[in-house]
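Following: one structure in C-alpha cells, then a few remarks.
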Amino acid sequence: MRAPRRRWTRAVVTGGAGFVGSHLCTALIEQGTQVICVDDFCTGSPANVAHLAERDGFTLLRADVTKPFAVPDPVDLVLHFASPASPADYLRLPLHTLEAGSLGTAHALALAREHQARFLFASTSEVYGDPQQHPQNESYWGNVNPVGPRSVYDEAKRYAEALTTAEAGVHGVDTAIVRLFNAYGPRMRARDGRAVPTFIRQALAAEPLTVTGDGRQTRSITYVDDTVEGVLAVAGSELSGPINIGNATELSMLELARLVIELCDSPSRIHFVERPTDDPSVRCPDIALARDKLQWEPRTPAREGLARTVAWFRDHPEA
Ligand code: NAD
C-alpha cells in the first residue's frame, strides 16, 4: 500500500464492523493508528472485526450514530461509513438509512468538530443516479428520482454531502468527501443483494445466476483493498473532494456473471430476470482527479479480486 501522506494517532470509523469499514479498521491498525470502531450492527457484525479484538489500540463501541455519541479518547480522524449500503438493506431499513445520512452525519461531524479532527464522508456513486453523463466525473450533478425506492439511500447521501460541505464552510471542519463505486471482496454478505456476492453464492451452489434485464447494464467494480487505499489517500491529503474512488474499467453484468461462473468452475447457467426500478444502466467513474492529485488508481484486476473473493466465500459458507 502507498504510504499515506499524514499519520493519525486515533481514528473513529463509524460503520467499522461492516464490509468496507472492517477493511478500513484493519488497514489503520496495520499502519499503527488506533481505531475506535462505532457500529450498531444493523447490517454489520462484530465477527467482521473479531480478528482485531486482541490488537493493541482497537476498541469496538456499540452505538447508533443517529443518536448523539461520544468516544472515550481524543481522535484526530473521523471516517463516517455508517449506513445501510446494499439495496436489500436500505429497502428493508428506509428510515434508518435516511437517518444515518442525515442525523448520523450531523453527529459524526459534531464529533470531528469537538475533537478538531479531519472528517471523511463515505458517499457513493449513487449520487449520480441513472447518469446522463458517462463516465461520471465529480462535477456531474446526477440524475436521481427523489421519490423512487432507491431515493432513501441516494438522497441521504446527497444531503450528507451538502451537510459536510456546509459544516466546513460554517464551522471550519476539515472535511473530505469520497464517492465510492461498487467495492467488492471478502466479508460481503452472500445475501446482501449486490451482484458480486449474489453471483458467487449462486455459482457455488450450482444455481442459475440471476442477471437482471439483458445484462448489458454496466458497473465498475473495485477490489476492497484498492478502495481502502484510495480512502486513506484522500484522508491523508489536503483535498476536500468530492473525489471518485472506483475502477475506470467497466464490466457488463453479463460479463461479470460469466467470469464468476468460470472462477467458481460452476455448471450454473444464466437466468435473466426483471430489472429493479431506477436501476442505473451505466456506471463508470472518471478517476482523473484521484490519479492526478493522489497518484491513486485501482491495481487489482477483476479476475484476481474475484478469485480472492470466491476463495473467501468457499471458506466462509456461513456468510
Ligand atoms: P455495510 O452494510 O457492510 O456496512 C455498513 C456498516 O454501518 C454496518 O456495519 C452497519 O451495521 C453500520 N451502521 C449502519 N447504520 C448505522 C448506525 N445508525 N449507527 C451505527 N452503525 C451503523 O456496507 P458497506 O458496503 O461496507 O458500506 C459502508 C459505507 O460505504 C456506507 O456508508 C456506504 O454507503 C458506503 N459505500 C459503499 C459502497 C460499496 O460498494 N460497498 C459503495 C459506495 C458507498
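Numbering of ligands and ligand atoms starts at 1, following listing order. Count residues from 1 along the sequence.
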Identify, by atom number and element, the atoms of ligand 1 in contact range of [X], meaning under 4.0 Å from any of its heavy atoms.
X	result
N182	40 (O)
S83	5 (C), 7 (O), 13 (N), 14 (C), 15 (N), 31 (C), 32 (O)
A63	19 (N), 20 (C)
F41	11 (O)
D64	17 (C), 18 (N), 19 (N)
A17	9 (O)
G44	8 (C), 9 (O), 10 (C), 11 (O)
S123	43 (C), 44 (C)

NZ/NE/NH1/NH2 to OD/OE distance under 4.0 Å, [X] and [Y]:
X	Y	answer
R299	E229	yes
R258	E255	no
E30	R55	yes
R189	D89	yes

[atom] [closest protein heavy-atom partner, distance rounded to 0.1 Å]:
atom	value
atom 26 (O) of ligand 1	V20 N, 2.8 Å
atom 27 (O) of ligand 1	A85 CB, 3.5 Å
atom 17 (C) of ligand 1	D40 OD2, 3.3 Å
atom 40 (O) of ligand 1	A183 N, 2.7 Å
atom 28 (C) of ligand 1	F81 O, 3.6 Å
atom 15 (N) of ligand 1	C42 SG, 3.5 Å
atom 4 (O) of ligand 1	G18 CA, 3.4 Å

Shortest non-hydrogen separation from N244 to I287 and the atoms involved:
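The pair with the smallest heavy-atom distance is O-CG2, 4.0 Å.
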Where do I29 and F58 come nearest, in terms of heavy atoms and distance?
CD1-CB, 3.9 Å
Geometric N/O contact A100 with ligand 1, under 3.5 angstrom
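No: no nitrogen or oxygen of A100 is under 3.5 Å from one in ligand 1.
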So for ligand 1, is A82 a polar contact partner (N or O within less than 3.5 Å, distance only)?
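N/O-N/O distance under 3.5 Å: no.
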Side chain, backbone, both or neither: the part of [X] lying under 4.0 Å from ligand 1 by heavy atom:
X	value
F19	both
S125	neither
M188	neither

Mind checking whether [X] has a heavy atom under 4.0 Å from ligand 1?
X	value
R179	no
H96	yes
G16	no
Y153	yes
G104	no
T66	yes
H80	no
S86	no

Only one of R219, H134, R283 passes side-chain hydrogen bond (donor to acceptor under 3.5 Å, both in side chains) with E250; say which it is.
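Going through R219, H134, R283 one by one, the side-chain hydrogen bond (donor to acceptor under 3.5 Å, both in side chains) with E250 is satisfied by H134 alone.
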Among E161, E126, Q136, whose side-chain hydrogen bond (donor to acceptor under 3.5 Å, both in side chains) with R179 holds?
E161
